[in-house]
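For reference, the structure discussed in these notes is given below.
Basis for what follows: all heavy atoms, side chains included, without hydrogens, waters or symmetry-related copies. Every value quoted in this text rests on a predicted model; they were computed, and no experiment measured them.
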Amino acid sequence: HICFLLAELGGNMNKKLSILVLFLFLIIACVATNQNLESLSSSYDGKWEGYTQLPEGRFDIYMEIKSGVMSGFIEDTKIKGYIKTDNKFSISPFSIMGAQVKLETDFMSPDRIEGILVTVSYRDNWFVVKK
């Protein structure tokens with residue numbers, strides 16, 4: 001009975017050890033991923049300026065990014081967003097002169113961001129560069 005009890009205890013220990021090792025690997029992977037996203041986001045930190053051309057004229061774009069969170073303006077309209085992943089920027093839809101506007105991002109680098117401005121009836125390029 002003692003041998004059986006020791007074998008049973010040893011088997012449970014192996015299972016517990018395996019689960020513990022798996023849990024530790026999971027924690028390490030999460031920490032490494034968060035560090036990569038944080039370092040990616042911080043590479044875009046700073047003030048940005050650019051513009052887009054609409055039928056109504058040229059609209060200047062000003063934004064500031066800090067820790068992956070963006071706030072700014074297109075002319076007098078407030079915009080906000082955040083960096084989701086490498087080369088993807090999520091910007092909340094907004095309204096200019098009564099038209100719903102969405103900014104899509106096509107290209108991101110630490111010194112330039114480009115994309116397409118989309119309304120119901122119009123599409124045009126937009127860009128900002130780091131100042």
Side-chain angles (χ1 to χ4, degrees):
H1 294 335
I2 293 176
C3 291
F4 178 74
L5 182 59
L6 288 175
E8 184 69 24
L9 182 60
N12 285 339
M13 291 296 284
N14 285 340
K15 287 180 185 178
K16 289 178 184 176
L17 184 59
S18 297
I19 291 172
L20 179 61
V21 168
L22 182 62
F23 182 71
L24 288 174
F25 280 131
L26 180 62
I27 289 173
I28 291 168
C30 288
V31 168
T33 301
N34 285 341
Q35 287 175 344
N36 288 340
L37 290 176
E38 186 176 310
S39 64
L40 169 67
S41 296
S42 65
S43 68
Y44 294 103
D45 283 359
K47 296 185 181 200
W48 298 75
E49 294 181 11
Y51 67 89
T52 186
Q53 188 71 38
L54 295 174
E56 295 82 6
R58 177 179 155 153
F59 284 73
D60 292 323
I61 303 171
Y62 303 97
M63 61 176 65
E64 184 170 354
I65 301 172
K66 185 171 184 175
S67 300
V69 177
M70 180 274 291
S71 62
F73 292 89
I74 292 186
E75 291 301 316
D76 295 329
T77 303
K78 187 169 177 71
I79 58 175
K80 60 184 177 176
Y82 62 93
I83 298 172
K84 295 192 300 186
T85 60
D86 192 17
N87 296 325
K88 292 295 177 192
F89 202 38
S90 176
I91 301 172
S92 300
F94 55 94
S95 179
I96 293 181
M97 302 176 77
Q100 273 297 107
V101 178
K102 187 170 125 179
L103 295 179
E104 298 175 351
T105 306
D106 292 333
F107 172 79
M108 289 181 70
S109 73
D111 61 347
R112 185 176 179 91
I113 301 173
E114 299 176 5
I116 304 289
L117 179 139
V118 180
T119 69
V120 172
S121 60
Y122 188 77
R123 295 173 65 91
D124 201 357
N125 296 324
W126 67 273
F127 78 95
V128 289
V129 294
K130 193 180 249 185
K131 293 296 174 186

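Taking NZ from K102 and CZ from F94, the interatomic distance works out to 11.5 Å, rounded to the nearest 0.5 Å. Taking CD from E64 and CE from M70, the interatomic distance works out to 11.0 Å, rounded to the nearest 0.5 Å. Put simply, CD1 on I83 and CE on M108 are 4.0 Å apart, with the number rounded to the nearest 0.5 Å. Between atom OG1 of residue T105 and atom CD1 of residue I113 there is a gap of 7.0 Å, rounded to the nearest 0.5 Å. The line from OG of S67 to OH of Y44 is 14.5 Å long, rounded to the nearest 0.5 Å.
The nearest pair of heavy atoms linking D111 to W48 is C-CZ3, 3.6 Å. In terms of heavy-atom proximity, Y82 sits nearest to F89 at O-CD1, 3.4 Å.
At a threshold of 4.5 Å between side-chain heavy atoms, the hydrophobic network of Ile, Leu, Val, Met, Phe, Trp and Tyr places I96 and I79 in one connected group. Both I91 and I61 belong to a common hydrophobic cluster when Ile, Leu, Val, Met, Phe, Trp and Tyr are linked at side-chain heavy-atom distances under 4.5 angstrom.
A salt bridge links R112 to E114: one of the charged nitrogens lies within less than 4.0 Å of a carboxylate oxygen.
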Identify each donor-acceptor pair in which a side-chain atom of residues 124-131 lies under 3.5 Å from a protein atom, sequence neighbours left out, and give them as a table.
residue : atom : partner : partner atom : Å
D124    : OD2  : Y122    : OH           : 3.2
W126    : NE1  : E104    : O            : 3.1
K130    : NZ   : S43     : O            : 3.1
K130    : NZ   : D45     : O            : 2.9

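Inter-residue side-chain proximity for F59 and L117 is flagged as unmet; no heavy-atom pair is nearer than 4.5 Å. L103 places a side-chain heavy atom less than 4.5 Å from the side chain of I74.
Sorted by first then second residue, the salt bridge (charged side-chain N to carboxylate O under 4.0 Å, His left out) pairs that include residues 68-79, not counting sequence neighbours, number zero.
Residues passing the salt bridge (Lys or Arg N to Asp or Glu O under 4.0 Å) test with R58 are D60, sequence neighbours excluded.
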